[in-house]
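Shown next, in structure tokens, is the structure this report addresses.
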Amino acid sequence: MVQSGDYSSSKSAASPDQAGDLTSLYVGYALILFAVPTFGVAAAIGLLRMWRKAPPSDPLARSHFIFQQRTLLAAVAAIIGGVVLILINVGVFVLFVMAVWTIVRGALGLKDLLEGRPIRHPLRLFY
């Protein structure tokens with residue numbers, strides 16, 4: 001039987017600032033993954049949310065923050081470009097490629113965050 005006080009964690013408790021950074025990163029990945037089903041509205045909200053925010057000081061959180069900014073910026077740019085290119089029948093292809101790229105990139109970034117790993121090259125367009 002487990003009693004109170006029997007559990008001891010090997011990890012030290014995260015500071016409130018780090019916990020807030022992690023929550024913010026999870027929200028960022030949720031917005032990235034919801035960008036496709038919401039037709040880009042979630043990507044625009046995520047980009048506005050990060051626009052003037054300073055990157056966190058923690059190296060792990062900083063790499064994911066930059067990765068998310070880059071992902072959201074590229075997604076919004078591709079959505080705008082795809083909508084414009086629909087006029088010449090190329091836009092649907094651009095939107096499809098953007099949708100797949102955004103979902104894959106968001107899922108891989110979230111996987112790394114859940115495993116506690118930083119993004120090695122957050123400025124790259126391909127993972």
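Along the sequence shown, the residues carry numbers beginning at 1. Small disclaimer: the values here were computed from a predicted structure and weren't measured. What you see below is based on every heavy atom in this structure, not just the backbone, and it leaves out hydrogens, waters and symmetry mates.
- Within the structure, side-chain hydrogen bond (donor to acceptor under 3.5 Å, both in side chains) contacts touching residues 80-100 (residues at least two apart or in different chains) do not occur.
- Under a hydrophobic clustering in which Ile, Leu, Val, Met, Phe, Trp and Tyr are joined whenever their side-chain heavy atoms come within less than 4.5 Å, directly or via other members, F39 and L72 fall into different clusters.
- Residues V76 and V92 do not share a hydrophobic cluster, clusters being chains of Ile/Leu/Val/Met/Phe/Trp/Tyr side chains in contact below 4.5 Å.
- Cluster membership check: L22 shares its hydrophobic cluster with L108, using side-chain heavy-atom separations under 4.5 Å among Ile, Leu, Val, Met, Phe, Trp and Tyr.
- Applying the ring-ring contact (aromatic ring centres under 6.0 Å, His included) criterion to F34, with sequence neighbours excluded, gives no partner residue.
- Applying the side-chain hydrogen bond (donor to acceptor under 3.5 Å, both in side chains) rule to T71 yields the partners R105; only residues at least two apart in sequence or on another chain are considered.
- Contact annotation: the side chain of I119 never approaches that of L113 to less than 4.5 Å [non-hydrogen atoms, C-beta and beyond].
- Judged purely by atom type and a 3.5 angstrom limit, R62 has no side-chain atom pairing as donor or acceptor with the backbone of S57.
- Through direct or relayed side-chain contacts under 4.5 Å between Ile, Leu, Val, Met, Phe, Trp and Tyr, L87 connects to no other residue.
- If you take CE on M98 and CD1 on I79, they are separated by 4.0 Å, rounding to the nearest 0.5 Å.
- Pairs passing the side-chain hydrogen bond (donor to acceptor under 3.5 Å, both in side chains) check and including a residue from residues 26-47, sequence neighbours excluded, read Y29-H64.
- Grouped by direct or indirect side-chain proximity (heavy atoms under 4.5 Å, Ile/Leu/Val/Met/Phe/Trp/Tyr only), V90 sits with L85, I88, V94.
- If you chain together hydrophobic residues whose side chains sit under 4.5 Å apart, V27 and I66 never meet in one group.
- Grouped by direct or indirect side-chain proximity (heavy atoms under 4.5 Å, Ile/Leu/Val/Met/Phe/Trp/Tyr only), L125 sits with W101, F126.
- Evaluation of the side-chain contact (heavy atoms from CB on, under 4.5 Å) rule for V84 yields no partner, not counting sequence neighbours.
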Could you tabulate the donor-acceptor pairs under 3.5 Å formed by side-chain atoms of residues 41-55, not counting sequence neighbours?
{"residue": "R49", "atom": "NH2", "partner": "S24", "partner atom": "O", "Å": "2.9"}
{"residue": "R49", "atom": "NH2", "partner": "S24", "partner atom": "OG", "Å": "2.8"}
{"residue": "K53", "atom": "NZ", "partner": "S24", "partner atom": "OG", "Å": "2.8"}

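- Listed by chain and number, the residues in a salt bridge (charged side-chain N to carboxylate O under 4.0 Å, His left out) with R117 are D112, E115 (sequence neighbours excluded).
- Put simply, CZ on F67 and CD1 on I32 are 7.0 Å apart, with the number rounded to the nearest 0.5 Å.
- Annotation for V36: hydrophobic cluster partners, listed by chain and number, are I103 (ILVMFWY side-chain heavy atoms under 4.5 Å, direct or chained).
- A side-chain donor-acceptor contact under 3.5 Å links S63 to the backbone of L60.
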TODO: Start with the C-alpha gap between L95 and I86, add the side-chain angles, then the distance that decides, and say whether side-chain contact (heavy atoms from CB on, under 4.5 Å) holds.
DONE: CA-CA 9 Å; L95 291 172; I86 283 178; 4.0 Å; yes
